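Here is the structure we will look at.
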Amino acid sequence: MKKINSSNLPQHIAIIMDGNGRWAQRHTIGRIRGHKKGAQAVRATVRACLEIGIKYLTLFAFSMENWNRPGEEVQALMSLLEEYLDKEKDKLHKQGIKLTSIGELDLLETRVKDKIRRAKELTKSNTKMTLNIALSYGGRDEIIHAVKNIIQDSKEKKIDINKQTFSSYLYTDNIPDPDLLIRTGGEYRISNFLLWQIAYTELYFTKVLWPDFTKEQLIKAIDSYQRRERRFGMTGEQIKVNKII
Ligand code: IPE
Ligand code: IPE
Ligand code: MG
């Protein structure tokens with residue numbers, strides 16, 4: 001296993017968990033069973049992030065566009081989410097994990113929505129790690145939602161619109177931008193995920209299908225992150241001088 005430098009960990013890792021369907025196809029089983037296996041990879045990844053000391057983990061579980069999938073698949077994904085919450089809620093709480101979510105939760109069935117609300121309520125004071133689930137989430141939808149709310153609020157008070165105030169209107173208010181974005185499944189695209197927040201995020205793409213993603217894969221991604229120089233528009237020399245200071 002590769003060694004990771006604990007003084008240069010990404011504070012926030014976001015993951016596009018892609019490839020469940022292709023994993024199922026390779027094993028000649030149905031897509032739903034691929035999603036089931038994917039849920040196990042979620043459990044392992046949450047555990048690994050906690051062990052490594054990652055402070056924020058955002059998982060893309062269901063996109064706005066995923067509502068267009070066949071009804072049975074959407075239903076199965078929602079059932080898996082419910083099962084995850086039923087089984088993991090208390091464990092997450094015991095481990096000091098705070099559960100949050102981003103996305104248009106109003107589109108979910110009341111029962112699922114209530115389970116999410118209860119899990120959030122239970123874990124809201126935890127500080128060890130934040131597990132943020134992107135559910136019924138679309139980056140463009142999030143931006144439009146923010147703009148609408150800004151317009152609404154500006155009827156009552158003057159709002160100085162800058163990068164900071166705008167960010168505070170996004171679902172990710174209070175969550176720092178991701179340092180590292182991982183996409184499994186071999187596609188090189190963002191699929192409407194965190195469009196605003198990934199302006200300076202380091203991107204890592206792997207062919208590994210989500211159900212096969214392990215702690216070792218995660219460490220590989222973090223190792224890749226740690227070998228990079230994040231310049232934020234400055235020169236490499238400036239970054240080195242800043243590091244010494
Ligand atoms: C990711 O796996 C899970 C969700 C998008 C909900 P996919 O279901 O997209 O798997 P592929 O891309 O078809 O292999
Ligand atoms: C992105 O995967 C969404 C999630 C992982 C939840 P998709 O499988 O939906 O993305 P596309 O359709 O290949 O872009
Ligand atoms: Mg996919």
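Please read these numbers as outputs of a predicted model, since none were measured by experiment. Residues: numbered from 1 along the sequence shown. Counting convention: from 1, in listed order, for ligands and their atoms alike.
- Below 30°, between 30° and 60°, or above 60°: for Tyr200 and Phe232 the angle between ring planes is between 30° and 60°, a tilted geometry.
- Ring geometry for Tyr137 versus Phe60: interplanar angle over 60°, hence perpendicular rather than tilted (30 to 60°).
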List the atom pairs, with distances to 0.1 Å, where a side-chain N or O of residues 34-44 and a protein N or O form a donor-acceptor pair under 3.5 Å, not counting sequence neighbours.
unit_1, atom_1, unit_2, atom_2, d
His35, ND1, Asn20, ND2, 3.0
His35, NE2, Glu73, OE2, 2.8
Arg43, NE, Glu88, OE2, 2.6

Show the numbers, then the answer: is there a salt bridge (charged side-chain N to carboxylate O under 4.0 Å, His left out) between Lys220 and Asp223?
CA-CA 5 Å; Lys220 253 173 118 171; Asp223 179 64; over 6 Å; no

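- Residue contacts with ligand 2 for Arg183 involve side-chain atoms from C-beta outward but no N, CA, C or O (heavy atoms, distance under 4.0 Å).
- When each of Asn192, Ile198, Ile190 is tested with Leu194 by the rule side-chain contact (heavy atoms from CB on, under 4.5 Å), just one qualifies, namely Ile198.
- Taking the six-membered ring where the residue is Trp, Tyr56 and His12 present tilted rings, their angle falling between 30° and 60°.
- Listed by chain and residue number, the protein N/O/S atoms under 2.8 Å of the Mg ion (ligand 3) are Asp18 OD1, with waters left out.
- In terms of heavy-atom proximity, Gln197 sits nearest to Thr172 at NE2-OG1, 2.8 Å.
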Just do the salt bridge (charged side-chain N to carboxylate O under 4.0 Å, His left out) check on Glu121 and Lys124 with the steps written out, would you?
CA-CA 5 Å; Glu121 182 61 30; Lys124 68 176 182 205; 2.8 Å; yes

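- Residue Arg189 approaches ligand 2 through these ligand atoms, each under 4.0 Å from one of its heavy atoms: 11 (P), 13 (O), 14 (O).
- Contact shell of ligand 1 (protein heavy atoms, cutoff 4.0 Å): Met17, Asp18, Gly19, Asn20, Gly21, Arg22, Arg31, His35, Ala61, Asn66, Arg69, Leu77.
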In sequence, state the C-alpha distance, the side-chain angles, and the governing distance for Ser224 and Arg228, and then conclude on side-chain hydrogen bond (donor to acceptor under 3.5 Å, both in side chains).
CA-CA 7 Å; Ser224 163; Arg228 303 179 192 186; 3.0 Å; yes

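- Scored by the side chain to side chain contact (heavy atoms under 4.5 Å, CB included) test, Glu82 finds Arg111, Val112, Lys115 as partners (sequence neighbours excluded).
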